[in-house]
Amino acid sequence: MAADPASPNCCAPSSFRGVPSERAAQSMGSGTHFGALCAIPGGSGLVGTNRPVIKLDGEAPQRRVKLKPFLLGQTPVSNGEFSHFVDQTGYVTEAEIFGWSFVFHLQVPATQTTEQGAAGAQWWRRVDGANWRHPAGPLGAEGLPDHPAVHVSWSDARAYCAWAGGRLPSEAEWEQAARGGLGDVAYPWGNAPPDDREHLPCNIWQGSFPTQNTAADGYAFISPARSFAPNGYGLYGMAGNVWDWTADLFRLKSLSKAGKAHAAAMRGYRVIKGGSFLCHASYCTRYRIAARTGNSPESTTSHMGFRIAFDAPPARVTSPVM
């Protein structure tokens with residue numbers, strides 16, 4: 001099964017399920033996010049790269065943007081944290097409403113019946129009953145509390161953030177955070193690319209995708225949200241493990257015929273960043289900081305999660321002692 005990294009379905013299949021008829025509104029700031037937060041400085045930040053690998057995604061050119069300081073979840077929102085939100089609100093995710101979600105084929109239990117795969121990426125299987133509670137489907141294990149919550153749509157992620165008084169980060173904020181103060185680097189740890197044997201700084205694929213994962217990094221699938229070394233700002237999992245939803249629409253400024261077609265195919269999609277445990281240099285290097293793709297807001301998979309952002313509190317002004 002050959003992969004086409006230019007295909008929108010290659011890294012994150014789109015569900016195209018339409019919009020659920022009813023969504024419960026979440027009261028802004030009525031809940032609490034209990035996960036740790038990291039302070040991300042504002043100022044001049046870098047977005048993109050002048051050394052693009054997947055040019056069709058609009059990785060180039062690199063540009064500078066002005067950012068305000070903000071706070072970002074130290075990890076993707078975990079099952080434990082998402083469970084608290086659901087317990088407090090009765091929220092039902094879009095995967096639960098639609099009754100199915102996409103699961104990577106090697107995660108599906110042998111006794112689980114699956115339906116069609118994603119167009120152009122048959123390693124993604126539709127599994128009825130797959131959701132954040134049962135990431136591999138109803139016959140699989142329950143989601144572990146310390147693992148990232150997956151099968152969460154963009155709308156689900158926004159609902160959690162609104163309930164906790166936060167928001168999703170912008171793409172520019174996400175990149176500022178991922179760089180960890182290192183500036184123009186390819187990865188959260190620097191410029192040394194991960195490999196299959198010795199340099200294993202994140203949870204991505206090792207072996208022959210999509211049939212054989214040696215799990216040299218210790219994980220065949222998702223790892224705990226707090227795994228591997230954090231970056232310079234104290235953030236975990238900014239490369240690999242699970243994709244992070246961002247607030248931004250996926251846009252391209254390409255004048256080429258291929259670029260226009262790619263943009264049209266992803267109209268209305270939201271940007272996702274960071275890559276996942278399925279990324280590998282042989283077909284997809286979207287675990288780079290500047291890498292980007294998108295997915296439709298209602299789509300859910302076993303490798304897409306999110307992290308929460310907050311505006312930084314205003315600096316406290318101390319009156320001089322008279």
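As a basis for the values below, the full set of heavy atoms in this structure was taken, side chains included, without hydrogen atoms, waters or symmetry mates.
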key: With S101, the side-chain hydrogen bond (donor to acceptor under 3.5 Å, both in side chains) member among N131, T301, T300   =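 The option that passes is T300.
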Using only atom types and a distance under 3.5 Å, with no angle test, would you say the side chain of [X] pairs donor to acceptor with the backbone of [Y]?
X: N213; Y: T211; result: no
X: D244; Y: P76; result: no
X: D128; Y: W100; result: no
X: R226; Y: Y236; result: no
X: Y233; Y: G181; result: yes
X: E59; Y: V53; result: yes
X: N203; Y: F221; result: yes
X: E94; Y: S153; result: no
X: E81; Y: H33; result: no
X: R270; Y: A247; result: yes

Distance from [X] atom [atom1] to [Y] atom [atom2], nearest 0.5 Å?
X: L106; Y: Q212; atom1: CG; atom2: CD; result: 10.0 Å
X: Q122; Y: H105; atom1: CD; atom2: NE2; result: 10.5 Å
X: E171; Y: F250; atom1: CD; atom2: CZ; result: 8.0 Å
X: L249; Y: R267; atom1: CG; atom2: CZ; result: 11.5 Å
X: I289; Y: D184; atom1: CD1; atom2: CG; result: 9.0 Å

ask   = Are the aromatic rings of F104 and W205 close, with centres under 6.0 Å apart?
value = yes
So do [Y] and [X] actually touch side chain to side chain, heavy atoms under 4.5 Å?
X: T293; Y: M266; answer: yes
X: H280; Y: D196; answer: yes
X: P148; Y: I222; answer: yes
X: R292; Y: T246; answer: no
X: F70; Y: R167; answer: yes
X: I40; Y: E173; answer: no
X: L235; Y: L72; answer: yes
X: W154; Y: I272; answer: no

Donor-acceptor pair between [X] and [Y] side chains, under 3.5 angstrom:
X: S223; Y: N241; value: yes
X: R64; Y: S44; value: yes
X: D156; Y: H151; value: no

With hydrophobic residues grouped by side-chain heavy-atom distances under 4.5 Å, do [X] and [Y] end up in a single group?
X: F102; Y: V127; result: no
X: L168; Y: F310; result: yes
X: M304; Y: F85; result: yes
X: L71; Y: I308; result: yes
X: Y287; Y: W123; result: no

Shortest non-hydrogen contact between [X] and [Y], atoms and distance:
X: H262; Y: L56; result: CD2-O, 3.2 Å
X: S302; Y: W124; result: OG-CZ3, 3.4 Å
X: C279; Y: C284; result: CB-O, 3.8 Å
X: N231; Y: A178; result: ND2-O, 3.1 Å
X: A172; Y: V65; result: CB-CG2, 3.9 Å
X: D57; Y: L252; result: O-CD2, 3.1 Å

request  = Classify the ring geometry between Y91 and F82 as parallel (under 30°), tilted (30 to 60°) or perpendicular (over 60°).
outcome  =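 Y91 and F82: perpendicular rings.
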task = Could you label the plane-to-plane angle of the F209 and Y283 rings as parallel, tilted or perpendicular, counting under 30° as parallel and over 60° as perpendicular?
result =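 Geometry flag for Y283 against F209: parallel rings.
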task = Given side chain to side chain contact (heavy atoms under 4.5 Å, CB included), test H199 with W189 step by step and report yes or no.
result = CA-CA 11 Å; H199 186 48; W189 54 85; 3.4 Å; yes
ask   = When you look at C202 and Y187, which way does the side chain to side chain contact (heavy atoms under 4.5 Å, CB included) test go after all the steps?
value = CA-CA 10 Å; C202 61; Y187 309 100; over 6 Å; no
task = Applying side chain to side chain contact (heavy atoms under 4.5 Å, CB included), run through E142 and H134 and close with a yes or a no.
result = CA-CA 5 Å; E142 292 186 0; H134 294 92; 3.6 Å; yes
ask   = With a cut-off of 6.0 Å (strictly less than), are more than 12 heavy atoms of other residues, nucleotides or ligands near CD of Q62?
value =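 Buried by this count: over 12 neighbours within 6.0 Å.
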ask   = Going through the checks in order, is the side chain to side chain contact (heavy atoms under 4.5 Å, CB included) test met by V103 and Q112?
value = CA-CA 11 Å; V103 180; Q112 176 73 54; over 6 Å; no
ask   = So, K273 and D248, do they make that salt bridge, N to O below 4.0 Å?
value = no
